[in-house]
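For reference, the structure discussed in these notes is given below.
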Amino acid sequence: MIKNICCIGAGYVGGPTMAVIAKNCPGIKIDVVDIDINRIKAWNSSDLKCLPVFEPGLEEIIKECRGKNLNFSTDIKKGIENADVIFISVNTPTKLNGLGAGYASDLKWIESCARQIAEFLKGHTIVVEKSTLPVKTAETIKNILDSSQFIGSNTKNKSEKKTFTIISNPEFLAEGSAINDLQNPDRVLIGGEDEFSISKISCIYENWVDPQKIIITNLWSSELSKLVANAFLAQRISSINSISALCESTGAKIQEVSRAIGADKRIGNKFLNSGPGFGGSCFKKDILNLVYLSRFYGLHEVADYWEQVVKINLWQQKRIYSLVIKNLFGTVSNKKLAIFGFSFKANTNDTRESPTIEISRDLLQEGATLTFYDPKVKEVQIVNELKDIECEGNWFYCKTSFEAAEGADAVLILTEWEEFKNIKWSNLYNIMRKPAWIFDSRNYIDSNSLKNIGFNVWTVGNP
Ligand code: NAD
Ligand code: UGA
C-alpha cells in the first residue's frame, strides 16, 4: 500500500495533480515540495485567490485537502525521506546556451532533483517521472541514483541499502481545464520495467480512473509518447493556422472549413480553432526537443518535418502583427492599441510563450503604445515577459477592458476570455478613437454585431 507521496515541484503540474490525487485518495499523505519559498507561501496562503496557479475547480480541492492529506512545504529532505513514491514534476525548459541550445531540454533541474533524491532516499522508493522529458532520461536518473546507493546523509551502515525503481508517468493535463482533465483523463500512461512498481502506481489512479484507461508501456515508449502527443496537437494548430491565411486570400471561411473537415470522424473536430498560434510552456519546447532527438539520431528529414510546425506558429504571429500595421494606415507609431488577453489561453494565469508576447514585442518596436487588460494576469508577470524588449513604444497595465480601450485606435483580442463576450461593445466603441478597429485573432466575438456598431473588423481566417 502506498501511504506517502512526495512531489518535487509545486508548479502548474505538481500543484493541481497532487491536489486531485489527494482528493481521490484520502488514505495517502502527500507532500508537495519546492525550492521556491514564495511559491510554497502562495500555496499555503489563507486567501485562496492568492494560490500561485489559477485553475477552475482548484480552490475548492485545496480548501478540502490542504492541511489534511495535502501539504505544501520547502522541506525537501523530509518529503523525500518519508516517501514511498516520489513524483518529479520540475520544469524542463529549452536549453538557452551550450550544446543543443535552442532545441534540447535543459535537464539541470531534473539532475538536481535526482541528486536530492539520491541523498535523502530511505528504503525502497518508486521514482516517477511526471515532468516531460527527452527519451532515455530515466537512464540519467538511474545513473545518479545508482551511484549513491550506499552513501548518503541518512544511511548509517551499508546494510541500509537504498533501492528504487524508475517509472515514467507523463501528464497530459491542459491548463485551464487541468482539474477536469485530471479527474477524467482520456488515459493514464505508465511506462516501466518493474511490474510491481507499475501496479503500485496504477493502484493510485484506480481510486478514480477506469482501469481500462490505464495504458502500460515500456519506459521509452512512455517518454516518447508524451513528446509525440504534444507534437501532434501542435501540428493541428499550425495546420489550421496555415489554412487560415489561405482562407483570407481565397474567400473561404476558416470556421466553415474547420467544421467541414472536423465532421470526418477520422480527422475529428477538436483542436481546429485557428488563432494567434499556440502558446504555453510546452508545445514549442517539446517539439524542439523532438527535433533535437531526431537530429541526434541522424533523422534529419524527421527533424525538419516537425520543426516546420514551430516555424508556422511564429509566422502566424508575425502575420497578425503585419496585418494590424497594414490596416492602421501602415503605421502604429504614437497610436494606442488595447490588447485584450495576455495569458496563452483562457482560464489560466500562465503567460509562458503566450502569442501576446511576440505580437506585442513587434508592435512596441513599431512605436505603438499598448494597454493590456487580462482578467487573471498580474502586472508583474507582464513586466517580466516584456522586460527584454528594446522598443520605441511603451505600455500600460489596465484593470478593466474599458480603461484599456479609452482613446484606443484598435482592440486586439488575443485570448478567448469568456468575459470579452459580455463587454458592451457599443459603449466601448464610443470611447475609442475613430476609425475604431477590432482585430479578433480568435474569431471569438460576433463580427457582424461589431460591424453594425461601426467598428472596422478583422477576424482570423475570413476574407
Ligand atoms: P513550473 O515551472 O510551473 O513548476 C516547476 C517547479 O519545480 C518550480 O516551482 C520550481 O521551483 C520547482 N523546482 C525546480 N527544481 C527543483 C528542485 N530541484 N527541487 C524542488 N523544486 C524544484 O513547471 P510546470 O508547468 O509545472 O511543468 C513541469 C513539467 O511538467 C515540465 O516538464 C512540463 O513540460 C510538464 N508538463 C507541463 C504541463 C503544463 O500544463 N504546464 C502539462 C503537462 C506536462
Ligand atoms: C497542452 C496539451 O493540450 C496537454 O495535453 C499537455 O499536457 C500540455 O500541453 C503540456 O504538456 O504542457 P496546454 O498547452 O496547457 O496543454 O493547452 P492547450 O489547450 O493544448 O492549448 C495550447 C495552445 O494552443 C494555446 O495557446 C491555445 O490557445 C492553442 N490552441 C488550442 C489553438 O490555437 N487552437 C485550438 O484549437 C486549440
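Ligands are counted one by one from 1 in listed order, and the atoms in each one are counted from 1 as well. All heavy atoms count here, side chains included; hydrogens, waters and symmetry mates do not.
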Any side-chain donor-acceptor pair under 3.5 Å between [X] and [Y]?
{"X": "Gln365", "Y": "Tyr321", "value": "no"}
{"X": "Tyr397", "Y": "Gln381", "value": "no"}
{"X": "Ser221", "Y": "Asn218", "value": "yes"}
{"X": "Glu418", "Y": "Asn347", "value": "no"}
{"X": "Asn349", "Y": "Tyr12", "value": "yes"}

Which ligand 2 atoms does [X] reach within 4.0 Å, using its non-hydrogen atoms?
{"X": "Leu233", "value": "2 (C), 3 (O)"}
{"X": "Cys282", "value": "10 (C), 11 (O), 12 (O)"}
{"X": "Glu171", "value": "7 (O)"}
{"X": "Lys226", "value": "6 (C), 7 (O), 10 (C), 11 (O)"}

Do me a favour and list the nearest non-hydrogen protein atom to [atom] with residue, atom name and distance?
{"atom": "atom 22 (C) of ligand 2", "answer": "Phe283 CE1, 3.6 Å"}
{"atom": "atom 13 (N) of ligand 1", "answer": "Val90 CG1, 3.6 Å"}
{"atom": "atom 12 (C) of ligand 1", "answer": "Asp34 OD2, 3.2 Å"}
{"atom": "atom 40 (O) of ligand 1", "answer": "Glu175 OE2, 3.1 Å"}
{"atom": "atom 34 (O) of ligand 1", "answer": "Lys285 NZ, 2.5 Å"}
{"atom": "atom 15 (O) of ligand 2", "answer": "Glu175 N, 2.7 Å"}
{"atom": "atom 14 (O) of ligand 2", "answer": "Phe344 CE1, 3.5 Å"}
{"atom": "atom 20 (C) of ligand 1", "answer": "Ile8 CG2, 3.3 Å"}
{"atom": "atom 14 (C) of ligand 1", "answer": "Asn91 OD1, 3.2 Å"}
{"atom": "atom 35 (C) of ligand 1", "answer": "Thr132 OG1, 3.4 Å"}
{"atom": "atom 21 (N) of ligand 1", "answer": "Ile35 N, 3.4 Å"}

Is it the side chain, the backbone, both or neither of [X] that has a heavy atom closer than 4.0 Å to ligand 2?
{"X": "Ile240", "answer": "neither"}
{"X": "Asn273", "answer": "both"}
{"X": "Leu173", "answer": "backbone"}
{"X": "Lys270", "answer": "neither"}

Answer yes or no: is there an ion pair linking [X] with [Y], defined by an N-O contact shorter than 4.0 Å?
{"X": "Lys318", "Y": "Glu358", "answer": "yes"}
{"X": "Glu129", "Y": "Lys226", "answer": "no"}
{"X": "Asp350", "Y": "Arg352", "answer": "yes"}
{"X": "Arg115", "Y": "Glu119", "answer": "no"}
{"X": "Asp374", "Y": "Lys376", "answer": "no"}

Can you find a heavy atom in the side chain of [X] that is under 4.5 Å from one in the side chain of [Y]?
{"X": "Pro276", "Y": "Arg442", "result": "yes"}
{"X": "Phe87", "Y": "Ile167", "result": "no"}
{"X": "Lys136", "Y": "Trp220", "result": "yes"}
{"X": "Pro185", "Y": "Val209", "result": "yes"}
{"X": "Lys142", "Y": "Phe164", "result": "yes"}

Once you measure the plane-to-plane angle for [X] and [Y], does it fall in the parallel (<30°), tilted (30-60°) or perpendicular (>60°) bin?
{"X": "Trp425", "Y": "Phe340", "result": "tilted"}
{"X": "Phe278", "Y": "Phe283", "result": "perpendicular"}
{"X": "Phe439", "Y": "Trp437", "result": "parallel"}

Among [options], which one puts a heavy atom closest to [atom]?
{"atom": "atom 27 (C) of ligand 2", "options": "Arg442, Glu416, Lys285", "answer": "Arg442"}
{"atom": "atom 21 (O) of ligand 2", "options": "Lys284, Arg352, Lys345", "answer": "Lys345"}
{"atom": "atom 4 (O) of ligand 1", "options": "Gly11, Cys7, Ala114", "answer": "Gly11"}
{"atom": "atom 17 (C) of ligand 1", "options": "Gln116, Glu171, Glu55, Arg115", "answer": "Gln116"}
{"atom": "atom 33 (O) of ligand 2", "options": "Asn313, Asn241, Ile237", "answer": "Ile237"}
{"atom": "atom 20 (O) of ligand 2", "options": "Phe271, Phe278, Phe172", "answer": "Phe271"}

Looking at ligand 2, is there an atom of it that comes within less than 4.0 Å of some heavy atom belonging to [X]?
{"X": "Gly280", "answer": "no"}
{"X": "Gly275", "answer": "no"}
{"X": "Glu353", "answer": "no"}

Can you check whether [X] has an N/O within less than 3.5 Å of an N/O in ligand 1?
{"X": "Val13", "value": "yes"}
{"X": "Arg39", "value": "yes"}
{"X": "Arg352", "value": "yes"}
{"X": "Lys130", "value": "no"}
{"X": "Ser89", "value": "no"}
{"X": "Lys226", "value": "no"}
{"X": "Asp286", "value": "no"}

Show me, pair by pair, the donor-acceptor contacts under 3.5 angstrom made by side chains of residues 286-294, not counting sequence neighbours?
unit_1, atom_1, unit_2, atom_2, d
Asp286, OD2, Asn230, ND2, 2.7
Asn289, ND2, Ser105, OG, 2.8
Ser294, OG, Leu290, O, 2.7

Check your understanding: Numbering the atoms of ligand 1 from 1, which are under 4.0 Å from a heavy atom of Thr92?
Key -> 31 (C), 32 (O), 34 (O)
Check your understanding: Any idea which atoms of ligand 1 are less than 4.0 Å away from a heavy-atom of Asp36?
Key -> 11 (O)
Point to revise | Within 6.0 Å of NZ in Lys284, more than 12 heavy atoms from elsewhere | key: no
Check your understanding: Which part of Leu173 is near ligand 1, with near meaning a heavy atom under 4.0 Å away: side chain, backbone, both or neither?
Key ->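 Both backbone and side chain of Leu173 come within 4.0 Å of ligand 1.
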Check your understanding: What part of Ser131 sits under 4.0 Å from ligand 1 if we count only heavy atoms: the side chain, the backbone, both or neither?
Key -> both
Exercise for review: Assess whether side-chain contact (heavy atoms from CB on, under 4.5 Å) is satisfied between Arg319 and Ser244, documenting all intermediate values.
Suggested key: CA-CA 11 Å; Arg319 199 171 79 73; Ser244 74; 3.1 Å; yes
